[in-house]
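Just follow the structure's listing: the first ligand is 1, and inside any ligand the first atom is 1. Note that this is a predicted model, so its numbers are computed, not measured. The basis for the numbers below is simple: all heavy atoms, side chains too, and nothing from hydrogens, waters or symmetry mates.
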Amino acid sequence: MKILIAGASRGIGAALCRLLLQQQHHVLALSRHTDSLKQLERQYPQQFSFLSIDLGNMQKEAPRLQKWLAEQHTQQLDRLIYNAGYLVNKSFELQSYLDIINQIHVNFTGAVLLLQLLRPYLGAGSHVVTIGSMGGFQGSQKFPGLAVYSASKAALATLSECLAQEWQEAGIAVNCLALGAVQTEMLQTAFPDYKAPLSADEMAAFIADFCLHGHRFFNGKILPVSVSTP
Ligand SMILES: NC(=O)c1ccc[n+]([C@@H]2O[C@H](COP(=O)([O-])OP(=O)(O)OC[C@H]3O[C@@H](n4cnc5c(N)ncnc54)[C@H](OP(=O)(O)O)[C@@H]3O)[C@@H](O)[C@H]2O)c1
């Protein structure tokens with residue numbers, strides 16, 4: 001399958017790339033940092049390509065992405081995972097304007113603009129998975145310092161529900177996975193003294209399987225994927 005992963009350079013996104021490549025899929029990766037991606041390109045030259053792109057600045061980046069997709073001879077995407085995420089752990093009153101718009105742009109606006117741009121590449125049977133957070137899951141326990149991050153993830157979750165409806169006739173499924181704690185750099189930022197029960201590789205294995213097969217059982221759903229609080 002041809003699978004695009006947005007937010008792929010480290011943590012869960014990097015683990016997803018490795019796993020899907022091992023499973024022989026063709027992976028297109030988007031991220032700003034490229035060291036780990038260059039390594040994967042050397043390892044899987046026939047199956048992997050990447051573009052260094054700021055998903056928080058999609059309005060400016062869109063033409064470059066279009067050009068790259070054409071260069072890759074991309075005509076269709078079977079799966080799309082919007083995994084990019086940005087978190088500033090700071091009390092609400094101290095969040096600067098930049099903190100706020102950066103989180104909203106990476107966690108929400110980037111997904112909106114990327115999905116608009118990629119819609120022509122998605123056909124019947126394709127599956128879009130957005131990576132949300134338990135912080136943005138209605139009714140879940142909330143934590144100080146994460147208000148803007150959590151609200152932006154809630155927006156991403158609702159976007160996913162709405163697009164499932166809007167694209168239903170075209171046969172495109174859209175689901176959002178609201179993740180609980182996974183041991184990555186982001187978790188360290190949010191909960192410095194906490195040890196998560198799951199590794200990035202373990203969560204990536206679940207997401208990869210869900211992205212490949214989950215649309216047969218779920219569409220337009222926001223699914224909590226969590227064994228702990230946080
Ligand atoms: N870890 C957890 O406990 C946890 C819990 C709930 C939800 N999540 C969600 O799971 C996803 C993966 O999280 P993670 O823990 O693996 O985080 P991470 O280690 O911080 O990785 C975040 C990924 O997002 C990419 N990204 C961030 N800003 C970007 C930008 N402006 N443009 C392009 N890519 C950007 C990063 O790539 P570059 O920096 O190279 O651009 C990186 O590959 C995120 O959406 C996160 O919100 C994680």
### Task
Please determine, by modelled atom types, if Ser36 and Lys38 share a side-chain donor-acceptor pair under 3.5 angstrom.
no

### Task
With heavy atoms of Ile53 as the reference, note each atom of ligand 1 found under 4.0 Å away.
32 (N), 33 (C)

### Query
Which atoms from ligand 1 have a heavy atom of Val106 less than 4.0 Å away?
28 (N), 29 (C), 31 (N)

### Message
With a heavy-atom distance limit of 4.0 Å, tell me whether Asn83 approaches ligand 1 through its side chain, its backbone, both, or neither.
### Response
both

### Task
Could you tell me whether Thr184 approaches ligand 1 through its side chain, its backbone, both or neither, with non-hydrogen atoms closer than 4.0 Å?
side chain

### Query
Which ligand 1 atoms does Gly85 reach within 4.0 Å, using its non-hydrogen atoms?
22 (C), 24 (O), 27 (C), 44 (C), 45 (O)

### Close approach, Tyr149 and ligand 1, non-hydrogen under 4.0 angstrom
yes

#### Entry: Atom pair CZ/CG of Phe48 and Leu40 - distance to nearest 0.5 Å
4.5 Å

### Query
Going by the order shown, which atoms of ligand 1 are within less than 4.0 Å of some heavy atom of Leu187?
3 (O)

### Query
Heavy atom of Gly180 under 4.0 Å from ligand 1?
yes

### Message
Distance under 4.0 Å to a non-hydrogen atom of Leu179: what atoms of ligand 1 satisfy this?
### Response
5 (C), 6 (C), 7 (C), 10 (O)

### Summary
If we number the atoms of ligand 1 from 1 as shown, the ones under 4.0 Å from a heavy atom of Gly56 are 31 (N)

### Query
So is Gly132 in contact with ligand 1, going by heavy-atom distances below 4.0 Å?
yes

### Query
Is there a heavy atom of Lys153 sitting under 4.0 angstrom from any atom of ligand 1?
yes

### Query
What are the atoms of ligand 1, with element, lying closer than 4.0 Å to any heavy atom of Asp54?
30 (C), 31 (N), 32 (N)

### Message
Taking the basic N atoms (NZ, or NE/NH1/NH2) and the acidic carboxylate oxygens, is any pair closer than 4.0 Å for Lys60 and Asp54?
### Response
no

### Query
Heavy atom of Ala196 under 4.0 Å from ligand 1?
no

### Task
Please state which part of Ala8 comes within less than 4.0 Å of ligand 1, counting heavy atoms only: side chain, backbone, both or neither.
backbone

### Query
Is Arg32 close to ligand 1, meaning an N/O of one under 3.5 Å from an N/O of the other?
yes

